[in-house]
2 protein chains.
Amino acid sequence: MEAHSLIKDAGLKLTPRRRAMIAHFSLSSGPLAPVELHERLKAEFPRCGLPGVYRNLEALADCGVLFRVAGFGRERRYALCSQPHHEEHHHHHIICISCGRVGQVEECLYQEGMMIDGFRLVGHLVQLRGVCAPCAVKESEGSG
Amino acid sequence: MEAHSLIKDAGLKLTPRRRAMIAHFSLSSGPLAPVELHERLKAEFPRCGLPGVYRNLEALADCGVLFRVAGFGRERRYALCSQPHHEEHHHHHIICISCGRVGQVEECLYQEGMMIDGFRLVGHLVQLRGVCAPCAVKESEGSG
DNA sequence: AACCTAAACAGAAAAAGTTTCTATTTAAGA
DNA sequence: TCTTAAATAGAAACTTTTTCTGTTTAGGTT
């Protein structure tokens, strides 16, 4: 599994807890907040506290397994990178508002150096929401 | 002043505190966090507490005078809309990383309905950083 | 100019979210 | 198996944010 080698390569350990966290993200429809993940982990790891969840979320985000989702107001949320990269590879994500599926956007419409409104672009944060193909099909079936 | 009519039109009151807040944002180079604004207000309003600052920041953001800046990690920050709109008008902002100047981006490269990575785009969060024209001039003068 | 009312205010308090710390346990390479 | 750096648990502290209550004020009206 790709995620596991990312962890190893970062010099981190593949612990039962981290395996479980990744599994929960795989099963989850949509990004998870630390408390939500904690809720789900408690069944299997009754002694697991929130601080540990925070630590692991950050560790997994740092090594590229997860990414930090913006655009949920002030909430902190994470989701699985669908195609994790080892390098600090610039890419964005699009999240299906219906099922939570994550798509990876390799080519951003905003590129460094572009002139925008008289400013030379040097950085950007983009978080997209959309409807994925399977959900679009379901939508049209439902209404048609 | 544009901001003042936005406040009135929203049925809100133009209080001395709000005038001062807007003035501080005008003077400030760059977006401000609630605590930072609170620090600056304390000189003039010694009895002003943080809760009041939060309340007013949200009120001013709701009526379009300020906007909530994304992309500062988990920090909450606000800045003045450079060209406030009455309508719930979709636009983004580009912030100069050197001086904090805010530019308004009316035409976003991402538009609803676009197909991206197999998803139909329905929403997006964009926060841009750049170098404004005056700062670009300073840059080239400094290095040349 | 005084009056009225909805809105803003102060301040305390609570709640929520997050980080830090120390001692103990564990994954995984040697 | 041994060793060690990393992960863990749990408490505690800390920061940020929200809620609540009673008091004051802006701004339209009489």
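Proteins get letters first, then strands, A, B, ... in listed order; numbering begins at 1 in each.
Distances shown here put a side-chain N or O of B:R18 below 4.0 Å from the OP1 or OP2 atom of C:dA8. Under 4.0 angstrom from either OP1 or OP2 of D:dT17 there lies at least one side-chain N or O belonging to B:R76.
The separation between A:R68 atom CZ and C:dT18 atom P is 13 Å, rounded to whole Å. In this structure, the CD1 atom of B:I7 is 13 Å from the P atom of D:dG28, given to the nearest Å. One interatomic measurement links the two molecules: CD of A:E75 to P of D:dT16, which rounds to 19 Å at whole-angstrom precision. In this structure, B:E58 places its CD atom 13 Å from P of C:dA8, rounding to the nearest Å. For the pair B:H38 NE2 and D:dT16 P, the interatomic distance rounds to 12 Å; values are reported in whole Å.
In this structure the side chain of B:V65 never reaches within 4.5 angstrom of the side chain of B:C81, judged on heavy atoms. Using a 4.5 Å heavy-atom cutoff, the side chains of B:Y110 and B:L121 are in contact. In this structure the side chain of A:M21 never reaches within 4.5 angstrom of the side chain of A:R40, judged on heavy atoms. Residues A:H38 and A:K42 are in side-chain contact: their nearest non-hydrogen atoms beyond the backbone lie under 4.5 Å apart. Within the 4.5 Å cutoff, the side chain of B:V53 has no heavy atoms near those of the B:F45 side chain. Counting only heavy atoms from C-beta outward, the side chains of B:S98 and B:C132 never approach each other to under 4.5 Å.
Between the side chain of B:E36 and the backbone N or O of B:A33, at least one donor-acceptor pair lies under 3.5 Å. Side chain of B:R129 to main chain of A:H124: no donor-acceptor pair is present (N/O by atom type, distance under 3.5 Å, no hydrogens or angles). Checking side-chain atoms of A:S26 against main-chain N and O of A:I22 turns up a donor-acceptor pair under 3.5 Å.
Over its length, the helix from C:dA1-D:dT30 to C:dA30-D:dT1 turns its helix axis by 40°, as judged from the five terminal pairs at each end, rounded to 10°.
Using a 4.0 Å cut-off between charged side-chain N and carboxylate O, A:R19 and A:E44 make no salt bridge.
Contacts of residues 43-56 of chain B with DNA chain C (heavy atom under 4.0 Å): B:R47, B:C48, B:P51, B:R55, B:N56.
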Protein and nucleotides 27-30 of chain C: nitrogen or oxygen contacts under 3.5 angstrom:
| unit_1 | atom_1 | unit_2 | atom_2 | d |
| --- | --- | --- | --- | --- |
| C:dA27 | N3 | A:K13 | NZ | 3.0 |
| C:dA28 | OP1 | A:L14 | N | 2.8 |
| C:dA28 | OP1 | A:L14 | O | 3.4 |

Check: Please walk me through it: do B:D117 and A:R101 pass salt bridge (Lys or Arg N to Asp or Glu O under 4.0 Å)?
Finding: CA-CA 12 Å; B:D117 204 45; A:R101 192 186 320 265; over 6 Å; no

